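Beneath this line is the structure, given in structure tokens, with notes to follow.
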Amino acid sequence: MKVLTFDSAAEIGRVAGEMFVQTVLQKSNAVLGLATGATPLPTYDYMVKAYESGKVSFKNVSTFNLDEYCDLPKAHKNSYFTFMNENLFSKIDLNPDNVHFLDGNAADAEAESARYAAEIEAAGGIDVQFLGIGRNGHIAFNEPSDRFTNDAYKVHLTESTIEANSIYFDDVPMPRYAMTMGVGSVMRARKIVLVATGKSKAQAVLSMIKGDIDPHCPASILKAHPDCTVLLDTDAAALL
Ligand code: PGA
């Protein structure tokens, strides 16, 4: 695990964004694993600017998002599908047919998981996976637990996650369940970039980097990945 610290989230956005851009410049049909939340926004801004300036085209790229809420219509303003459309997809030349999401409203979570795994495999696997980290050390919606998960599954969100994300919900209560890629699906990406910014992530960052590999801090498994880069701002790195 390579750990780099920067002065600001904006600087991290440029570095992480450039990693994605370089991936696409080297492989025009690259498969990108994408995340939602506040953390990736500077990275997505960088990717949009790179597209607008003519530096890169995403027209042959495929994307797979990490997770989606259950019991929320896909078009709801708080769905992760909407988030991605608003913050990235509508601003670049990505082909909508190449956008992949877990269906949070699938009747059969196991069948949905199998469908997603098959689609990732058919695309050739994920070339570079973006990750944030939860205050409790989660990656995607893999919450602290007694074992590491493998493929996608339906998860009951923890109170810590509900508290962190409820601020975005004003018309409906925040869903208690989500469909998420499992830790195994994340670990199969060829390259991973995890970004953590802000003081609220400092404890999780400490556990991830200095603690044992332990499913009670799901991000700690990333130490076992052959190509994982962690980009921190000084606040997130404060306890290291
Ligand atoms: P955030 O979420 O980017 O909104 O902080 C990250 C996460 O929970 O993984």
Side-chain angles (χ1 to χ4, degrees), residues 6 8-13 15-17 20 32-47 64-70 72 77-84 86-88 101-102 104 126 128-145 148-149 152-153 155-170 174-183 185-187 189 192-209 215-222 225 228-238:
F6 298 86
S8 70
E11 213 177 325
I12 295 177
V15 173
F20 279 97
L32 307 183
L34 300 178
T36 49
T39 305
L41 290 175
T43 302
Y44 295 160
D45 283 349
Y46 183 93
M47 290 163 72
F64 287 85
N65 261 80
L66 285 171
D67 40 24
E68 183 56 283
Y69 289 116
C70 295
L72 195 68
K77 64 186 168 97
N78 289 117
S79 77
Y80 284 158
F81 179 74
T82 299
F83 176 98
M84 291 306 303
E86 284 178 355
N87 292 295
L88 184 64
F101 260 85
L102 282 160
I126 293 172
V128 52
Q129 173 69 58
F130 188 102
L131 291 178
I133 183 171
R135 298 171 197 184
N136 61 4
H138 75 204
I139 46 174
F141 273 140
N142 292 282
E143 303 285 33
S145 80
F148 287 112
T149 56
Y153 64 104
V155 61
H156 189 195
L157 301 172
T158 60
E159 282 310 315
S160 158
T161 299
I162 290 167
E163 190 192 320
N165 289 11
S166 292
I167 52 163
Y168 299 113
F169 286 82
D170 54 13
M174 178 174 151
R176 265 41 188 169
Y177 289 87
M179 283 293 296
T180 181
M181 269 168 64
V183 171
S185 3
V186 169
M187 288 294 280
I192 294 176
V193 52
L194 182 143
V195 173
T197 49
K199 279 198 176 55
S200 67
K201 303 295 174 66
Q203 183 59 51
V205 165
L206 175 67
S207 304
M208 166 177 71
I209 293 174
H216 294 99
C217 176
S220 64
I221 190 114
L222 298 172
H225 193 279
C228 176
T229 303
V230 173
L231 306 176
L232 306 173
D233 70 356
T234 43
D235 283 341

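Computed from a predicted structure; not experimentally measured. When a ligand or atom number is given, it counts from 1 through the structure's own listing order.
Leu41 is linked by a side-chain contact (heavy atoms from CB on, under 4.5 Å) to Phe83, Asn87, counting only residues two or more places apart in sequence or in another chain. By the side-chain contact (heavy atoms from CB on, under 4.5 Å) test, Pro175 pairs with Tyr69, Leu72, Phe169, sequence neighbours left out. Thr149 meets the side-chain contact (heavy atoms from CB on, under 4.5 Å) test with Asn142, Tyr153, Val183; sequence neighbours excluded.
Closer than 4.0 angstrom to ligand 1 lie heavy atoms from Gly37, Ala38, Thr39, Gly132, Ile133, Gly134, His138, Lys201.
In this structure, Ser166 contributes its side chain and Ile162 its backbone to a donor-acceptor pair below 3.5 Å.
When each of Leu34, Val186, Thr36 is tested with Leu66 by the rule side-chain contact (heavy atoms from CB on, under 4.5 Å), just one qualifies, namely Val186.
More than 12 heavy atoms of other residues, nucleotides or ligands lie within 6.0 Å of NZ in Lys77, so this atom counts as buried by the packing criterion.
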